[in-house]
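These numbers come from the heavy atoms of this one structure, side chains and all, not from hydrogens, waters or symmetry mates.
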Amino acid sequence: MSQLLANCACSSSKIGFQGVQNVMAGETNKDVLSKNTDVFGSNSGGGLRGKLNKVVLAYSGGLDTSVIVPWLRENYGCEVVCFTADVGQGDLEMDGLEQKAKASGASQLVVKDLKEEFVQDYIFPCLRAGAVYERKYLLGTSMARPVIAKAMVDVAKEVGADAVSHGCTGKGNDQVRFELTFFALNPELKVVAPWREWEITGREDAVEYAKKHNIPVPVTKKSIYSRDRNLWHLSHEGDILEDPANEPKKDMYMMSVDPEDAPNQPEYLEIGIESGIPVSINGRKLSPVSLLSELNKIGGRHGIGRIDMVENRLVGMKSRGVYETPGGTILWTAARELESLTLDRETIQMKDMLALKYAELVYAGRWFDPLRHSMDAFMEKITETTTGSVTLKLYKGSVTVASRKSPYSLYREDISSFETGSIYNQADAAGFIRLYGLPMRVRAMLGKDK
């Protein structure tokens with residue numbers, strides 16, 4: 001089942017608000033349910049676990065979030081407003097959502113197109129920073145959660161909700177990412193995380209609960225993988241992937257062809273970059289969404305951007321995931337290659353060190369942390385002159401650089417050439433080496449004296 005917004009592999013059960021747990025004083029569960037309940041179990045006096053007025057639920061239309069709607073009404077006696085964010089997961093996942101939401105008992109469905117904001121304000125800053133988690137992961141899901149959670153806070157304000165809810169489980173990272181964003185943007189909002197509260201333990205329990213409450217069960221084919229898709233990537237977890245010794249099946253991949261089946265002829269692609277941000281493909285300026293979408297198609301047909309990794313989740317356990325990031329891999333390669341021209345040695349080293357921390361903050365859900373904001377200001381300043389173009393060669397899963405150009409290039413052919421130049425006098429190297437190697441000479445002399 002897709003992980004559009006809910007059914008996320010999310011983190012520790014001790015993080016964030018655990019749900020309003022107080023059963024109304026002096027009343028049994030039977031007393032509570034007897035008060036003006038409707039078919040979904042809502043009532044004006046409260047629910048089994050307390051009383052909330054209105055809850056905004058991150059909603060995907062799948063089984064889990066369809067069941068969460070009546071569960072919230074039954075347990076908190078609240079109105080439920082479903083929210084769906086379009087971050088590029090595809091039209092199929094958006095079809096019929098309003099009908100499904102209302103059939104589950106929601107008062108309304110709010111849909112917001114966040115694609116441009118997602119790419120411009122989240123993906124591109126991470127790209128500019130060179131943020132990669134644990135050497136491989138380009139942070140596809142990590143970047144998407146804060147933009148979705150931010151929109152949920154906005155919707156909660158618009159509709160007058162006093163709480164928000166998500167469908168993340170208690171074992172993964174996403175519960176942290178959602179809830180830290182809620183805390184940062186509106187700490188007064190209550191957070192309800194059903195997977196940390198209810199007795200439902202799996203799909204069969206959820207189906208039974210849905211039938212009991214007359215909720216239409218989504219009749220979609222159950223995927224054997226847990227997937228999350230957006231404009232940047234597609235992730236795969238679960239099934240045979242849970243054993244790191246198993247090779248992924250060929251038919252698992254959806255965004256990219258097998259490199260063995262990719263075209264036998266390479267394709268050359270020129271990426272234009274301005275101040276560390278990609279702006280064009282082969283000289284054509286495109287919007288952020290259009291640019292990334294086109295690169296996903298191009299990279300996908302050449303088998304670009306497949307990553308298989310075992311990562312350390314924030315909650316301490318290891319997990320194995322396979323990621324498809326065709327367009328993102330192309331852009332990441334282009335940005336790094338251009339920086340080799342425009343940044344000096346000390347700057348590159350400092351940027352690379354900070355990029356590790358930047359990626360860690362994003363992975364851990366700390367997008368709105370002042371530290372990330374401050375680091376982002378550094379990245380923006382340091383890449384002011386990272387402007388130019390990079391031509392890449394795409395061939396059967398590989399991305400190699402063919403050309404780099406920049407008006408701010410620090411590379412000087414007249415200096416770097418092996419031929420004698422007027423700026424660099426090779427004889428000067430002798431004095432430099434003597435001074436640079438002085439500590440080593442002194443240590444060696446110390447050893448001889450003894």
Side-chain angles (χ1 to χ4, degrees), residues 3 5 8-12 15-16 58 85 87-88 114-153 166 168 172-185 228-235 237 276-278 288 292 305 307 309-316 318-319 321 323-325 327-329 331-332 335-336 350-383:
Q3 292 184 313
L5 295 173
C8 317
C10 309
S11 277
S12 166
I15 298 176
V87 288
L114 304 179
K115 293 193 293 293
E116 287 289 348
E117 180 182 359
F118 178 40
V119 180
Q120 184 70 53
D121 298 339
Y122 293 78
I123 290 177
F124 280 0
C126 284
L127 177 67
R128 178 178 60 199
V132 179
Y133 182 71
E134 294 192 339
R135 306 170 183 169
K136 288 184 176 182
Y137 180 41
L138 294 178
L139 300 167
T141 300
S142 309
M143 296 184 294
R145 296 314 183 216
V147 71
I148 295 170
K150 174 179 175 291
M152 288 180 67
V153 173
H166 58 73
C168 302
N173 301 310
D174 281 348
Q175 60 182 344
V176 184
R177 295 163 180 159
F178 273 103
E179 295 181 32
L180 291 190
T181 301
F182 298 150
F183 295 163
L185 301 181
D228 176 71
R229 184 167 189 164
N230 57 50
L231 264 174
W232 186 246
H233 86 159
L234 172 62
S235 66
E237 293 180 326
I277 301 297
L292 183 53
I307 294 295
M309 69 179 291
V310 175
E311 68 192 65
N312 291 291
R313 284 184 178 174
L314 185 60
V315 294
K318 287 185 180 290
S319 66
Y323 302 97
E324 295 178 79
T325 318
T329 301
L331 290 176
W332 191 88
R336 301 292 77 74
M350 179 58 68
K351 185 174 183 293
D352 286 350
M353 286 191 293
L354 291 177
L356 294 174
K357 184 63 179 178
Y358 192 107
E360 181 183 329
L361 290 172
V362 175
Y363 186 83
R366 308 188 75 90
W367 184 268
F368 294 99
D369 193 300
L371 176 57
R372 192 208 63 84
H373 283 292
S374 299
M375 295 174 68
D376 204 46
F378 170 83
M379 297 299 182
E380 183 177 6
K381 179 65 179 178
I382 215 68
T383 57

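Taking CD1 of I277 as the reference point, atom CG of L127 lies at 6.5 Å (rounded to 0.5 Å). Taken from OH in Y133 to CG in L361, the straight-line distance is 11.5 Å, to the nearest 0.5 Å. Rounding to the nearest 0.5 Å gives a distance of 9.5 Å between SG of C168 and CZ of R177. Between atom CG of residue D352 and atom CZ of residue R336 there is a gap of 8.0 Å, rounded to the nearest 0.5 Å. Rounding to the nearest 0.5 angstrom, the gap separating the NZ atom in K351 from the CE atom in M379 is 5.5 Å. In this structure, CZ on R135 lies 13.5 Å from CD on E311, to the nearest 0.5 angstrom.
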**Item:** Intermediate values then yes/no, side chain to side chain contact (heavy atoms under 4.5 Å, CB included), D228 and Y323
**Value:** CA-CA 10 Å; D228 176 71; Y323 302 97; over 6 Å; no

**Request:** Let me see the working for M143 and N230 under side chain to side chain contact (heavy atoms under 4.5 Å, CB included), right down to the final yes or no.
**Result:** CA-CA 10 Å; M143 296 184 294; N230 57 50; over 6 Å; no

**Message:** With side chain to side chain contact (heavy atoms under 4.5 Å, CB included) as the criterion, how do T181 and F368 come out once you've worked through the C-alpha distance, each side chain's angles and the decisive distance to 0.1 Å?
**Reply:** CA-CA 7 Å; T181 301; F368 294 99; 3.5 Å; yes

**Request:** Go through the steps to decide whether I307 and Y137 satisfy the test side chain to side chain contact (heavy atoms under 4.5 Å, CB included), and finish with yes or no.
**Result:** CA-CA 8 Å; I307 294 295; Y137 180 41; over 6 Å; no

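The nearest pair of heavy atoms linking A85 to I148 is CB-CG1, 3.9 Å. Taking each heavy atom of A355 and G130 in turn, the nearest pair found is CB-O, 3.6 Å. Contact detail for L331 and P278: the closest heavy-atom pair is CD2-CB, 3.6 Å. Nearest heavy-atom pair across L114 and A151 is CD1-CB, 3.8 Å. Residues S235 and T141 approach most closely at OG-OG1, 4.2 Å, considering heavy atoms. Residues L354 and M375 share a closest heavy-atom pair of O-CE, 3.0 Å.
For the pair N173/R145, no side-chain contact is recorded, criterion being any heavy-atom separation below 4.5 Å from C-beta on. Here the side chains of V147 and D121 are not in contact, with every heavy-atom distance at 4.5 Å or above. The shortest distance between side-chain heavy atoms of W367 and K150 does not fall below 4.5 Å. Looking only at side-chain heavy atoms (C-beta outward), F118 and P288 stay at 4.5 Å or farther from each other. Put simply, the side chain of L356 does not reach to within 4.5 Å of the side chain of E360, judged on heavy atoms. The closest side-chain heavy-atom distance from L139 to H233 is not below 4.5 Å. Contact of the W332 side chain with the V132 side chain is registered, since non-hydrogen atoms from C-beta on lie closer than 4.5 Å.
The local environment of CZ in R366 is sparse, with at most 12 non-hydrogen atoms from other residues, nucleotides or ligands closer than 6.0 Å.
Taking the ring centroids of W232 and Y122, they lie at or beyond the 6.0 Å cut-off.
Classified by interplanar angle (parallel below 30°, tilted 30° to 60°, perpendicular above 60°), the ring pair F182/H166 is parallel.
Scored by the salt bridge (charged side-chain N to carboxylate O under 4.0 Å, His left out) test, K318 finds no partners at all (sequence neighbours excluded).
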